[in-house]
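Down below is the structure, laid out as structure tokens.
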Amino acid sequence: MPTERWVPTTAHWGAYRAAADAEGGVRVRPHPDDPAPSPLLGNVPGIARHDTRVMRPAIRRGWLTGGPGPSAQRGRDEFVEVEWDTALDLVAAQLDRVRVESGNEAIFGGSYGWGSAGRFHHAQSQLHRFLNTIGGYTSSRNNYSFGTSQVLLPHVVGSSAAVLGYADSWATVREHTDLIVAFGGLPTKNLSVSPGGVTRHTSAAAAADPGVAVASISPLSADVPAGGRWYSIEPGTDVAMQLALAQVLLAEDLHDTDFLSRCCTGFDVFADYLRGETDGVAKTPEWAAPICGIAADDIRELARRMTSGRTLVTVTWSLQRARGGEQPVWAGIALAAMLGQIGLPGGGFGHGYGSMADVGDEGPVLWLPTLPQGPNPVGTFIPVARIADMLLNPGARYDYNGQRLTYPDIRLVHWAGGNPFHHHQDLNRLRRAFARPETVVVHETHWTATARHADVVLPATTTLEREDLGAGRRDTHLTAMHRVLDPVGEARDDFSILSGLAERLGVRQRFTEGRSARGWLEHLYDKWRDQLGAQGHELPDFDTFWADGELRLPAMPENPPLVRFRADPEGDPLHTPSGRIELHSATVESFGYDDCPGHPVWLPQERRGPLHLIANQPPTRLHGQGDVGAVSRESKVAGREPVTLHPDDAAARGITEGSVVRVFNDRGSCLAGARISERVRPGVAVLPTGAWFDPQPDPQQPGQELCAHGNPNVLTEDVPASRLSQGCAGQRTHVDVELFTGPPPEVAAHTPPPMHRA
């Protein structure tokens, strides 16, 4: 029997070793130096050859026979498999027709997603490079994860990188921090993952036992690290508690007036708001207590405790994925500024601890090998979470970060490496939006809902079926990602697919620059190696690196912007209009947005259902990736995504552990499997994201559809965080839950759609 060949690779959930088995499947084992490997590795063996793999190019029958045009049959039609040349000829012809008839602005290059941890076979970069070679495309800006903060932070601290790119490591926190005040908690389940992967998972262990006191402010006790104190807050009311903490510091003269005068501007405006001089309401703990559900004495005691030592105020990314999502971030910065510790090791403000493995990781901050995309000749863009608005409302005007913009008229959508039917909100509305373009082209590995809503589906390889270079932000290693398996079916990598389209459109040389995929890996590595060599770092040549399988990234000196600024505010100012931290922004105020005024404020939200639904990240997969894997499938309840309820809420509805339940509101409904736990606050339901969307007729609601699998984005609202950011607001919504009586429909999301051969 031949010896198994174990080779290195990496994924969003970490570096690992893989080998093909005798049956053509794959076996995995953790990286030998990883102290806390991600459990998500258990999903890998079941993914590559799952029944839902897209095996051949496939075209929706209605588009193939009737030609391009809007169609409500997307997501409902059967598919016809065709030869690669046929598929590429058809796609190239439509790209050419649209750009000639309507201009390149009519092409939307989607490709938002986590298609691969590899730096070359990064689907978004590949597609955008290709579209730029044929004249450009309408693009998207920012991301779903922390897109609201990406727009706000430059107004407050001069750049988003000042906060998001230079978080103190957990080792620094252990050494210097006395108290972590964590709004949104410290959910260690998220610390398995980062966009480029993690070689050594040290953050999860450090966050679970930070060695410092933790005040975890969350409606979920699962977000509380061992030994931390749980402040069980009403969802969506963190800002009220932040303002009350700030009011105590102000009223009791516990704020750092020297730091505020030396490093900040606008504190006088914010202080007037805290006192109630602008709206007649002082933001006292007594005011906040009935709003957020935390006792006034507990708020006051925590505020005083925050001044007794080095305190890190941190806000998870989840809190800014909501209406008014700018406010908890801005209020958190204001609270940290009042403590006067911004720019000190282990103190000040953090954003994303508990949200991603690279926040608090100990690897170097350095440039990594990246495929150049080239300039986009088309200047039209949308904020990433406004895709349904764009498709449904061509020509409509909207606000964004002080600008008044217009949605383009999109005729062709080209998507690779992402799944909007996972990321986006109000999926029934998104289905209507996807019915509008003339053509939707998708590169996909599996028959996800996005593939099922396409006209042309081009089968793409998984990471295991190609070579690449892999490393994450603040990772410790660059990984040589060796190929483990031969491509499944007729799958091709995105570079090969796009090279074929480029050849048909006369731009192959511009797109490929005459290089093969392996040639690009060598080129990107050598260019990166030369750059680091000029900085005094000696690295092996490509062949040695590839044979070794990885290299340890060199240590890089760090000089974080906020540390430099604190040391010399006049000589090293921030990139804000004042050069300081702007607790009141005249720029933002000048925009006149009632949903994002010029300083942190409490924006009460209307309650439109008996239960708060929290659509958080699952512990068993990354977004929707791995939903067909063993770890994800084993987490299902009655074959569906689990929804967790407090015992009191379950008992009031006659729901018991394992029941199939209907979760619903005025946007839609889904089925889920009930779990009962006191680890959620009463009045809260938790339904993680990522169950593959499975729209089916509702047997109890004639003429209606439900998601039989439990995707919460049939329930979340497709509205922006504010007119400032137009960011995703899908973290929370309001629902009710009821026992589902009668036989529930079988889950079909993990079964391929009807398929025929041409």
Side-chain angles (χ1 to χ4, degrees), residues 5-18 30-35 37 116-122 124-126 129 161 165-167 169 171 193-203 356-374 463-464 466-484 493 495 512-560:
R5 178 174 171 265
W6 290 88
V7 298
T9 189
T10 191
H12 306 304
W13 40 88
Y16 63 101
R17 302 292 186 259
H31 189 283
D33 295 337
D34 193 346
S116 171
R119 308 317 304 152
F120 173 66
H121 290 294
H122 180 244
Q124 185 181 76
S125 299
Q126 288 280 348
R129 176 182 173 86
Y166 290 93
S169 71
V193 301
S194 76
V198 179
T199 303
R200 302 185 71 253
H201 286 89
T202 57
S203 292
M356 190 73 69
D358 55 11
V359 180
D361 205 356
E362 300 175 13
V365 177
L366 82 167
W367 177 81
L368 294 167
T370 305
L371 178 68
Q373 299 179 24
T463 297
L464 296 172
R466 57 194 184 222
E467 297 177 337
D468 212 333
L469 308 172
R473 297 180 305 223
R474 306 218 68 160
D475 199 1
T476 55
H477 292 68
L478 180 72
T479 299
M481 300 170 64
H482 289 227
R483 194 172 84 173
V484 181
D493 61 58
F495 177 71
T512 67
E513 297 185 15
R515 298 187 184 95
S516 64
R518 169 57 82 92
W520 268 106
L521 298 186
E522 295 183 17
H523 171 73
L524 294 176
Y525 178 87
D526 289 344
K527 183 177 179 181
W528 173 75
R529 176 176 177 255
D530 290 346
Q531 183 187 55
L532 291 182
Q535 300 176 35
H537 300 285
E538 185 175 346
L539 301 177
D541 62 23
F542 179 84
D543 289 340
T544 302
F545 158 69
W546 196 259
D548 291 344
E550 64 183 26
L551 66 81
R552 180 90 185 193
L553 294 172
M556 304 291 284
E558 286 189 30
N559 199 6

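The model shown is predicted, which means the values in this text are computed figures rather than measured ones. Just so you know, these numbers use all the heavy atoms, side chains as well, and skip hydrogens, waters and symmetry mates. Position 1 is the first residue of the sequence; numbering continues from there.
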### Query
Taking C-beta and beyond as the side chain, do Pro560 and Val365 meet within less than 4.5 Å on heavy atoms?
no

### Task
Under the side chain to side chain contact (heavy atoms under 4.5 Å, CB included) rule, what do Gln531 and Lys527 come out as? Steps first, then yes or no, please.
CA-CA 6 Å; Gln531 183 187 55; Lys527 183 177 179 181; over 6 Å; no

### Query
What heavy-atom pair brings Pro37 and His201 nearest, and what distance separates the two atoms?
CA-ND1, 4.2 Å

### Query
Heavy atoms, side chains only, cut-off 4.5 Å: are Leu551 and Tyr525 in contact?
yes

### Message
Could you check whether Glu513 and His523, counting side-chain N and O atoms only, form a donor-acceptor pair closer than 3.5 Å?
### Response
no

### Query
Tell me, do Val7 and Arg17 make a side-chain contact under 4.5 Å, heavy atoms counted?
no

## Note on the structure
Interatomic distance, OH@Tyr16 vs CG@Asp34, rounded to 0.5 Å, equals 13.0 Å

### Message
Looking at Arg119 and Asp468, would you say the former's side chain and the latter's main chain have a donor-acceptor pair under 3.5 Å?
### Response
no

### Task
Determine, for Trp520 and Arg515, whether the Lys NZ or Arg CZ falls below 6.0 Å from the six-membered ring centre while staying within 45 degrees of the axis.
yes

### Query
Roughly how far apart are Arg518 CZ and Phe542 CZ, rounded to 0.5 Å?
4.5 Å

### Query
Hey, is the main chain of Arg200 close enough, under 3.5 Å, to the side chain of Asp33 for a donor-acceptor pair?
no

### Task
Any chance you could measure Gln535, atom CD, to Met556, atom CE, to the nearest 0.5 Å?
4.5 Å

### Message
Rounded at 0.5 Å granularity, tell me how far CH2 in Trp546 sits from CD in Glu467.
### Response
4.5 Å

### Query
Taking side chain as C-beta onward, heavy atoms only, is Pro372 less than 4.5 Å from Leu524?
yes

### Task
Using a strict cut-off of less than 4.0 Å between a Lys/Arg side-chain nitrogen and an Asp/Glu carboxylate oxygen, indicate whether Arg474 and Asp361 qualify as a salt bridge.
no

## Note on the structure
Residues Met356 and Pro195: closest non-hydrogen pair is SD-CD, 4.1 Å

### Message
Is the shortest side-chain heavy-atom distance between Trp367 and Leu532 below 4.5 Å?
### Response
no

### Message
Which heavy atom of Leu521 sits nearest to which heavy atom of Leu469, and what is that distance?
### Response
O-CD1, 3.8 Å

### Task
Please assess His122 against Leu371 for the test side chain to side chain contact (heavy atoms under 4.5 Å, CB included), listing each intermediate value before the final yes or no.
CA-CA 8 Å; His122 180 244; Leu371 178 68; over 6 Å; no

### Message
I'd like to know whether Leu553 forms a side chain to side chain contact (heavy atoms under 4.5 Å, CB included) with Leu478, so could you lay out the CA-CA distance, the side-chain angles of the two residues, the decisive distance to 0.1 Å, and finally the verdict.
### Response
CA-CA 7 Å; Leu553 294 172; Leu478 180 72; 3.9 Å; yes

### Message
Using 0.5 Å steps for rounding, measure from the CG atom of Leu539 to the CZ atom of Arg552.
### Response
13.5 Å

### Message
Quick one, Thr10 and Met481 - any side-chain contact, counting heavy atoms below 4.5 Å?
### Response
yes

#### Entry: Minimal non-hydrogen separation, Gly197 against Ala117, with atom names
N-CB, 4.4 Å

### Task
Decide side chain to side chain contact (heavy atoms under 4.5 Å, CB included) for His482 and Thr9; before the verdict, give the C-alpha distance in whole Å, the side-chain angles of both, and the deciding distance to 0.1 Å.
CA-CA 6 Å; His482 289 227; Thr9 189; over 6 Å; no

### Side-chain H-bond candidate by donor/acceptor type, Glu550 with Thr479, under 3.5 Å
no

### Task
Give a yes or no on whether the backbone of Phe120 and the side-chain of Gln126 come within a donor-acceptor separation of less than 3.5 Å.
yes

### Any side-chain heavy-atom pair of Ser194 and Arg473 under 4.5 Å
no

### Query
Is the backbone of Pro540 close enough, under 3.5 Å, to the side chain of Arg529 for a donor and an acceptor to pair up by distance?
yes

### Message
How close do Pro554 and His537 get, counting heavy atoms only, and between which atoms?
### Response
CB-ND1, 3.4 Å

